[in-house]
Asks: 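Below is one structure. I have some questions about it.
Worth knowing before you read on, the calculation uses all heavy atoms, side chains too, and leaves out hydrogens, waters and symmetry mates. Counting starts at 1 for both ligands and their atoms, following the listed order.
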Amino acid sequence: MLILAIESSCDETASAIAFVDEKTEKFEIKSSVIASQIDIHALYGGVVPEIASRAHAEALSKITYEALDKAGIELKDVDAIAVSYAPGLIGALLTGVNFAKGLAFANNKPLIPVNHIKGHIAASYIENDIKPPFLALAASGGHTSIINVKSYTDFETIGRTRDDAVGECFDKIARVMGICYPGGAQMDKLAQNGNKDAIKFPSAAVSDDTLDYSFSGLKTAVINYLHNAEQKKENIYKEDVSASLTRTIVESVITKLEKAIDTLGYDTLVVAGGVAANSHLRTGLKIFAEKKNINLAIPSLCYCGDNAAMIAVQGYYEYKIGNIASTDLNAVARP
Ligand code: KG4
Ligand code: ZN
């Protein structure tokens, strides 16, 4: 089965073609094209929704035909069209949903609605031989959720951030330090040359029985530290701030994941989303998984950030259960 997928929930316009061997359920990503809008939004220090929608509208057709070309196929060869319809920026999602709708109905192809978070988690099926049930952490610029993945399509969110997402925490602190949007990847590099014990910051794991996080308290503590140092004319070592912040984030994330693993008794952990690209988090999780004797699946860097290959993969499982959309498919901003 050949699936064409479209992703436009935030600041990346993406299209991909996945081949699925329905007997083995192995995926082959024939092409995955991503048009990033980062350079445009960097001018404003964050994503401007209106600009994102317009940039998606401009890019969608071009990158979809590029994905078809790269895969060496034509639209008529595609068996189904999957599209990310929620959650995300409403205007951005609508451009992708409407484009996919037009493509599907004009060419008489089934249209598959895919939840973006489920897509991030499905990225882990591309390179790993894992099957639900398992525990998953979706960590990106817009979301931080601990999810009980009961089956390929049945997900229960059992923990979440009560305020900022983890990627947002990195990006907002980076901005105060004068690092260009989105600062997460840059702070990852800075942290490699910093002392992770230099500064003590408060945990983002909420100190109660829930599996919830709160990254806004941590963000404020780091920003206060930076402002205080500035007022006292003290030197700020961006490397030490990045390393200390990253250490706090990694420990906070693992604290609640351990609690969730112990509660559910699963032997597999999936970590996905843009922040799963963080090298320190990947190392910390590897050590944690070895200690707990569980399987750890984290997508390759190219499938951590927003992409359409992950939408195609989740699209396959949605298609299998008959989740086909009609012409009234709408975009939904909330998870
Ligand atoms: O999944 P994603 O591409 O988009 C959303 O769905 O939000 O995630 C983007 C987020 C941004 O906050 C970005 O700073 C963060 O992922 N990010 C990182 C790294 N690479 C991207 N954060 C920490 N370390 C990284 N290496
Ligand atoms: Zn995402």
Asks: Assess the side chains of Asp163 and Ser214: does a donor N or O sit below 3.5 Å from an acceptor N or O?
Replies: yes
Asks: Report yes if the distance between the aromatic ring centroids of Tyr152 and Tyr125 is under 6.0 Å, otherwise no.
Replies: yes
Asks: Please report the number of protein N, O or S atoms that lie less than 2.8 Å from the Zn ion (ligand 2).
Replies: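 N, O or S atoms of the protein closer than 2.8 Å: 3.
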Asks: Heavy-atom contact check, 4.0 Å cutoff: does His120 meet ligand 1?
Replies: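 In this structure, His120 qualifies as a contact of ligand 1 - some heavy atom is under 4.0 Å.
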Asks: Under a 4.0 angstrom heavy-atom cut-off, which atoms of ligand 1 come close to Pro182?
Replies: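 Going through ligand 1 atom by atom, the ones under 4.0 Å from Pro182 are 14 (O).
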Asks: Just checking, is any N or O donor in the side chain of Arg162 or Ser216 under 3.5 Å from an acceptor N or O on the other one?
Replies: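 Checked: Arg162/Ser216 side chains show no N/O donor-acceptor pair below 3.5 Å.
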Asks: Measure the distance from atom 24 (N) of ligand 1 to every protein heavy atom, then report the residue, atom name and distance (to 0.1 Å) of the closest one.
Replies: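 Residue, atom and distance for the closest contact: Asn278 ND2, 2.9 Å.
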Asks: side-chain contact (heavy atoms from CB on, under 4.5 Å), that's the test. Do Leu281 and Ile249 meet it? Break it down for me.
Replies: CA-CA 8 Å; Leu281 180 61; Ile249 286 180; 5.7 Å; no
Asks: Would His280 count as a contact residue for ligand 1, given that I'm defining contact as a non-hydrogen atom of the residue lying under 4.0 Å from a ligand atom?
Replies: no
Asks: Select the closest option to atom 20 (N) of ligand 1 among Ser279, Ala123, Ala14, Gly274, judged by heavy-atom distance.
Replies: Gly274
Asks: Under 4.0 Å from ligand 1, counting heavy atoms only, is it the side chain of His116, its backbone, both or neither?
Replies: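 The part of His116 near ligand 1 is the side chain, not the backbone.
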Asks: Cys10: heavy atom below 4.0 Å from ligand 1, yes or no?
Replies: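 Contact check Cys10 vs ligand 1: negative.
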Asks: Enumerate the atoms of ligand 1 whose separation from the nearest heavy atom of Gly167 is less than 4.0 angstrom.
Replies: 12 (O)
Asks: Go through ligand 1 atom by atom and flag the ones less than 4.0 Å from a non-hydrogen atom of Gly142.
Replies: 7 (O)
Asks: Starting from atom 26 (N) of ligand 1, which protein heavy atom do you reach first, and at what distance in Å?
Replies: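 The closest one turns out to be Asp188 OD2, 2.9 Å.
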Asks: Atom 3 (O) of ligand 1: which protein heavy atom is closest, and how many Å away?
Replies: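 Ranking protein heavy atoms by distance from atom 3 (O) of ligand 1, first comes Asp306 N, 3.1 Å.
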Asks: Salt bridge check, Asp21 against Lys26: does any charged N sit closer than 4.0 Å to a carboxylate O?
Replies: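 Salt bridge flag = no for Asp21 with Lys26.
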Asks: Under a 4.0 Å N-O cut-off, is there an ion pair linking Lys196 with Asp240?
Replies: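 Between Asp240 and Lys196 there is no salt bridge, as every charged N stays at least 4.0 Å from the carboxylate O atoms.
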Asks: Considering non-hydrogen atoms of the protein only, which is the closest contact for atom 9 (C) of ligand 1, and what is the distance?
Replies: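 Going atom by atom, the protein heavy atom closest to atom 9 (C) of ligand 1 ends up being Gly141 N, 3.7 Å.
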Asks: Does the side chain of Gln192 come under 3.5 Å of the side chain of Ser279 through a donor N or O and an acceptor N or O?
Replies: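 Result is yes, a qualifying pair exists.
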Asks: Both conditions, 6.0 Å and 45 degrees, for the charged tip of Lys118 above the ring of Phe155: are they met here?
Replies: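 Judged by the rule (NZ or CZ under 6.0 Å from the ring centre, within 45° of its axis), Lys118 counts as positioned above Phe155.
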Asks: Between Asp11 and His56, do the side chains contain a donor N or O and an acceptor N or O under 3.5 Å apart?
Replies: no
Asks: Looking only at protein heavy atoms, which one is nearest to atom 11 (C) of ligand 1, and what is the separation?
Replies: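 Heavy-atom neighbour on the protein nearest atom 11 (C) of ligand 1: Asp171 OD2, 3.4 Å.
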Asks: Tell me whether the centres of the aromatic rings in Tyr319 and Tyr317 are closer together than 6.0 Å.
Replies: no
Asks: Name the closest protein heavy atom to atom 15 (C) of ligand 1, giving the residue it belongs to and the distance to 0.1 Å.
Replies: Val275 CG2, 4.0 Å
Asks: Taking side chain to side chain contact (heavy atoms under 4.5 Å, CB included) as the criterion, tell me which of Thr153, Ile112, Ile3, Ile117 meets it with Gln314.
Replies: Thr153
Asks: Is it the case that His280 and Thr246 place a side-chain donor and acceptor less than 3.5 Å from each other?
Replies: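 Short answer, no.
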Asks: Return the option from Ala185, Ser9, Cys169 holding the heavy atom at the smallest distance from atom 19 (C) of ligand 1.
Replies: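 Closest candidate by heavy-atom distance is Ala185.
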Asks: Taking atom types as modelled, find out whether Glu66 and Ser15 have a side-chain donor-acceptor pair closer than 3.5 angstrom.
Replies: no
Asks: Quick one: do Arg54 and Glu50 make a salt bridge, cutoff under 4.0 Å?
Replies: yes
Asks: Can you tell which of Gly305, Ala165, Ala191, Gly184 gets a heavy atom nearest to atom 18 (C) of ligand 1?
Replies: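 Answer by nearest heavy atom: Gly184.
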